[in-house]
2 protein chains.
Amino acid sequence: MDGRRARGERRRQAILEATLRVIERDGVSGVSHRSVAREAGVPTTSTTYYFASLDDLLIATLTWSADKLADDISGLIVKLVDAPDSGVGEITQRLADLVGVHRGRTMAEYELYLLAARRPELKSAARRWLDLITEAARPYNTDPVAFRGFLAALDGLLMQGLIADEPPSVSDLEPVVSYLIRPQEHLDRLRGGTMGA
Amino acid sequence: MDGRRARGERRRQAILEATLRVIERDGVSGVSHRSVAREAGVPTTSTTYYFASLDDLLIATLTWSADKLADDISGLIVKLVDAPDSGVGEITQRLADLVGVHRGRTMAEYELYLLAARRPELKSAARRWLDLITEAARPYNTDPVAFRGFLAALDGLLMQGLIADEPPSVSDLEPVVSYLIRPQEHLDRLRGGTMGA
DNA sequence: GAACTTGTGGGACACTCGTTCCAGTAGTTG
DNA sequence: CAACTACTGGAACGAGTGTCCCACAAGTTC
């Protein structure tokens, strides 16, 4: 075991983490070799030593971050599919956190989305959490159409939560999430049948 | 009437349009005084003459673009609320266009979203189409919760459409849109009741 | 016509950027 | 110890940046 390589790996990781912090704070446009190096407390050349180009650094950071998030989410989803009733509350709470406490993190995630729209090599990383959730839900025989609508709505609620004057609270989100997960009960309550739109 | 001012106003508008083209092509990060000037075919100093700073230029472009889109959309929505049946097809077609032919435009719109998440002065512009649609739907007494879910899902379908390997087609989108607009009929068809997730 | 306002556009300054070069250090292997 | 490898970090180059300055042209008003 080479001690040099071990320390190098640690520094590489520190650079990734610093990059994510910069993205959360200033957005992708705030990322430069120098800004990341400053954030990580390393000389400018370190960032070029470990990542051939700025693009490499960005891609490495965003895929790593997406992986982290996907792992983070998968447990939640299993719980939701298993026990929808308690799941609604947990999903709602998580959404509120994502547009509140972890706002910066969520913005970073959507910067990845947008970057992926222009760079094919990032697409699979951006879709990571979607794929993971879809996979987790497959054995439960969920209605695929409703499920796709549900996932789309999650993304929309987050994006719209980011541009609200203040982050939506749990009680703001709860009705919508509950409707999305158990639409039938909501519709029964209305005795309507269609949403009219 | 001052001929100088009129020509100036036209040039200002040309700069806005050039900026939007640059954003559609290269993203917000591709916008600089020089790149916009080149695109518009005007000298570099024109862009600083009409817009005090690059930030002003960006904000002016994005609010103008958002207004244009909102106007564009409002007609569609009225039709949808009036006649849901034919509306499904039109909405679906429009969505397919937005992730297909008008992909660049849609990406520009979501760059605005993300920028707005970091700059309060852009928030109202970013929410413009949401507000407009909500307003248009109000007199029809639409169930607000389902409607919010619907709008969120639209955003999500677009974003997810942007990061798909190939843009979703009309037939990909139709079932989901149809479900979102008339969930009861979809659920009846399943004879299930809940989506199970 | 002269005095003015409005728009034009070339040039330049100070700065940040990505990236490369390269001499030096610390750790590993023989 | 010597040869080698992995990493460090200062310095610099060329390119692009935002923004300001200023001489000038064109249109308007008196």
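Reminder, nothing fancy here: chain letters follow the sequence lines and each chain counts from 1. Quick caveat, the model's predicted, so the values are computed rather than measured. Note that these values count all heavy atoms, side chains included, but never hydrogens, waters or copies made by symmetry.
- Ion pairing of D165(B) with K123(A) is absent here, as no side-chain N (NZ or NE/NH1/NH2) approaches a carboxylate O to less than 4.0 Å.
- Side-chain contact between Y179(B) and P183(A) is present, with at least one heavy-atom pair separated by less than 4.5 Å.
- Partners of T19(A) under the side-chain contact (heavy atoms from CB on, under 4.5 Å) rule, at least two apart in sequence or in another chain, are I15(A), I23(A), V31(A), V36(A), L57(A), T61(A).
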Set out, line by line, the N/O atom pairs under 3.5 Å between protein and nucleotides 28-30 of chain D.
from, atom 1, to, atom 2, distance (Å)
dT28(D), OP1, G3(B), N, 2.8

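- Not a single side-chain contact (heavy atoms from CB on, under 4.5 Å) links P144(B) to another residue, sequence neighbours left out.
- Take R138(B) and apply the salt bridge (charged side-chain N to carboxylate O under 4.0 Å, His left out) test, not counting sequence neighbours, and it matches E135(B).
- The CD1 atom of I163(A) sits 10.5 Å away from the CG atom of L122(B) when rounded to the nearest 0.5 Å.
- The distance from atom CZ of R5(B) to atom C1' of dG27(D) is 12 Å, rounded to the nearest whole Å.
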Test side chain to side chain contact (heavy atoms under 4.5 Å, CB included) on W64(A) and L20(A) and set out the steps.
CA-CA 9 Å; W64(A) 165 69; L20(A) 187 56; 3.8 Å; yes

For a quick check, with a 4.0 angstrom heavy-atom cut-off, what is the B/S/- contact string for nucleotides 10-23 of chain D, read 5' to 3'?
BBB----BBBBB--

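- Under the side-chain contact (heavy atoms from CB on, under 4.5 Å) criterion, E39(B) pairs with A18(B), R21(B), V22(B), R25(B), not counting sequence neighbours.
- A heavy atom lying under 4.0 Å from DNA chain D marks none of the residues of residues 56-65 of chain B.
- Screening residues 112-121 of chain A for salt bridge (Lys or Arg N to Asp or Glu O under 4.0 Å) gives D55(A)-R119(A), R118(A)-E111(B) as the qualifying pairs, with residues at least two apart or on separate chains.
- Sorted by first and then second residue, the salt bridge (Lys or Arg N to Asp or Glu O under 4.0 Å) pairs with a member in residues 27-37 of chain B form an empty list; sequence neighbours excluded.
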When the side chains of residues 97-108 of chain A are checked against the rest of the protein, which donor-acceptor pairs come out under 3.5 Å, sequence neighbours left out?
from, atom 1, to, atom 2, distance (Å)
D97(A), OD1, Q93(A), NE2, 3.1
R103(A), NH1, L162(A), O, 3.3
R103(A), NH2, A117(B), O, 2.2
R105(A), NH2, S65(A), O, 2.9
R105(A), NH2, S65(A), OG, 2.8
T106(A), OG1, L98(A), O, 2.4
T106(A), OG1, H102(A), O, 3.1

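- For D56(A), the side-chain contact (heavy atoms from CB on, under 4.5 Å) partners at least two apart in sequence or on another chain are F51(A), A52(A), S53(A).
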Does the pair R127(B) and Q160(A) meet the rule for a side chain to side chain contact (heavy atoms under 4.5 Å, CB included), with working shown?
CA-CA 8 Å; R127(B) 278 196 308 258; Q160(A) 292 171 13; over 6 Å; no

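- In this structure, Y50(A) does not reach the dA6(D) phosphate: none of its side-chain N or O atoms is under 4.0 Å from OP1 or OP2.
- A heavy atom lying under 4.0 Å from DNA chain D marks the following residues of residues 8-22 of chain A, by number: G8(A), R11(A).
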